[in-house]
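Have a look at the structure below, then the notes.
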Protein chains: 2
Amino acid sequence: MGTTQLEAAPEPKYWHLKTVISEALDSEFAVGEILPNERELAARFGVARATLRQALDQLELEGRLQRRRGVGTTVAPPRVGVDVSTTQHAWPGAGEDTWQSVDCAADTAPPAVARLLDIQLGERVHIVRRLRVTDGRPVAAELLYVPASSVPGLVDADATDGPTRARAVLRALRQLDLDGQDRAVELGSARADDARELDRLPGSPVLVVTTRYLSGGGTAAVSVATYRADTCRLTFGDSGDLAMAS
Amino acid sequence: MGTTQLEAAPEPKYWHLKTVISEALDSEFAVGEILPNERELAARFGVARATLRQALDQLELEGRLQRRRGVGTTVAPPRVGVDVSTTQHAWPGAGEDTWQSVDCAADTAPPAVARLLDIQLGERVHIVRRLRVTDGRPVAAELLYVPASSVPGLVDADATDGPTRARAVLRALRQLDLDGQDRAVELGSARADDARELDRLPGSPVLVVTTRYLSGGGTAAVSVATYRADTCRLTFGDSGDLAMAS
DNA sequence: AAGTGGTCTAGACCACGCG
DNA sequence: GCGTGGTCTAGACCACTTG
């Protein structure tokens, strides 16, 4: 019935390119090795630089490549598994060396967070900024929203912003009973400030982990953690770590 | 001390564009509404179409927009929360209406999966293909790898491939004792076949959920589930659902 | 057939890291 | 200063959906 063409195959060039480069990566390059520059690669494959970049974009998204302006494109190491399971950190700041408190401010929560916290829109919250570091590399930036009503022990006049205050808020939080927590993961793009902390460009893809900490029948705090999607694999293990390299 | 320029602000055009459009989306458009076409928008903002597209790309990545070739760009509904918590489905196929078995084949597992299953590279496994549907829309495509040794009751000569066999494998699996499971989430790009099932273009961003089912001191099965990143928010709730709309 | 988003080109200039 | 990746342009054609 009609033409017997096998496949019709109008496969996009960048898709084919991606496959070719991906295979070359497996067989001919070592982790950390630097690739020829984009103009060189484009010429070698006989395509425009934009097309070549489309292929590299995907490979970077998949965590196979790492690109740094002014430096070059290198072969990325396998993604690191970062534990995000609830059992690991009952309260933020309980036995943690992975997170380091950076700053703390008193402000109003954005509408979306206010809804999660079930508070009025103008209500003041402590906003703790933390950074998660693994192997000396930042992997996540977090904003922890704590309504003033959750930590009444904390005097607001204790106006020293900064790390000291951040730790004080966490300390107060730890004294509450944790009833449970909700968690959600979705794809996002890095805000400018997160991008800076994570050593990425604004808009780079990130995994956003939203956690709601429940205590005393209500939501005591909400954490919005932004993980680098290129380098991280989020693990929720009951048991050991599962490695998934190619 | 040098120039007192405030900000220096070489903020990329597409970034600024994205912000402007995002705000317009909040205030001037309803969910499902169709936007002006790309050429029109580009002209209106006085930029090249490629630049406009860079902004739309990001908004689509964030789940704010939905683009369909030949149709147009529409305002996306808020992401749906899909439950991926371990408590929900002890074994794949236990009390499930969310997943529908599509197919089953007997083949060898790819190296990465073989490593997770802790089996030899050439060893034969059952590969069950399933589709997760929510509100009539496909949200995830799964490949479930079950080593023949995990379900010895299943006769290989029972060679009917297809849904019937898929259900037989799941039935056999349910009779094992589940000791626990590992789970990991990472960013990926859709393979051609997954993309087709999910009604997306190849390469579109997806959230890959890898689950390892443990039984009898070993790994009885491995599931690789590919979720649409644009429309899905993966939830791991201890309790209710957490909504995070703008 | 017309209109949409998707792909591709061949250029240009800019921001950044490094020597 | 030089080489890198990042941004941007102004076109062209293709694949797809719909009336």
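Letters A, B, ... mirror the listed sequences (proteins, then strands); counts begin at 1. Values in this document were obtained by computation on a predicted structure and should not be read as measured data.
Mapping A:Val47 and B:Glu60 onto DNA chain C by nearest heavy atom places B:Glu60 closer to the 5' end of the strand.
Residue contacts shown for B:Leu201 are limited to sugar-phosphate atoms, with no base heavy atom under 4.0 Å away. Among the atoms of the strands shown, base atoms are found under 4.0 Å from some heavy atom of B:Arg49. At the heavy-atom level, B:Arg68 lies under 4.0 Å from the strands shown only through sugar-phosphate atoms.
By the side chain to side chain donor-acceptor pair (under 3.5 Å) test, A:Glu33 pairs with no residue at all, sequence neighbours left out.
Taking a heavy-atom distance under 4.0 Å as the criterion, the stretch of DNA chain D touched by chain B extends 5' to 3' from D:dT7 to D:dT17.
Contact annotation: B:Thr73 side-chain N/O to C:dG5 OP1/OP2 distance is under 4.0 Å. In this model, the phosphate group of C:dG3 is not approached by any side-chain N or O of B:Asn37 to a distance below 4.0 Å at OP1 or OP2.
B:Leu52 places its CG atom 14 Å from the C1' atom of C:dT4, with the value rounded to the nearest Å. Atom P of nucleotide C:dG3 and atom CD of B:Glu40 are separated by 13 Å, given to the nearest angstrom.
In this structure, A:Asp57 does not pair ionically with A:Lys18, as no charged nitrogen and carboxylate oxygen lie closer than 4.0 Å. Between A:Glu60 and A:Arg200, at least one side-chain nitrogen of the basic residue sits less than 4.0 Å from a carboxylate oxygen of the acidic one, meeting the salt-bridge criterion.
With 3.5 Å as the limit, one finds no donor-acceptor pair spanning the side chains of B:Thr74 and B:Gln66.
At least one donor-acceptor pair closer than 3.5 Å links the side chain of A:Thr235 to the backbone N or O of A:Val82.
In summary, of the residues considered (A:Arg132, A:Arg129, A:Arg130), a side chain to side chain donor-acceptor pair (under 3.5 Å) with A:Glu142 occurs for A:Arg130 alone.
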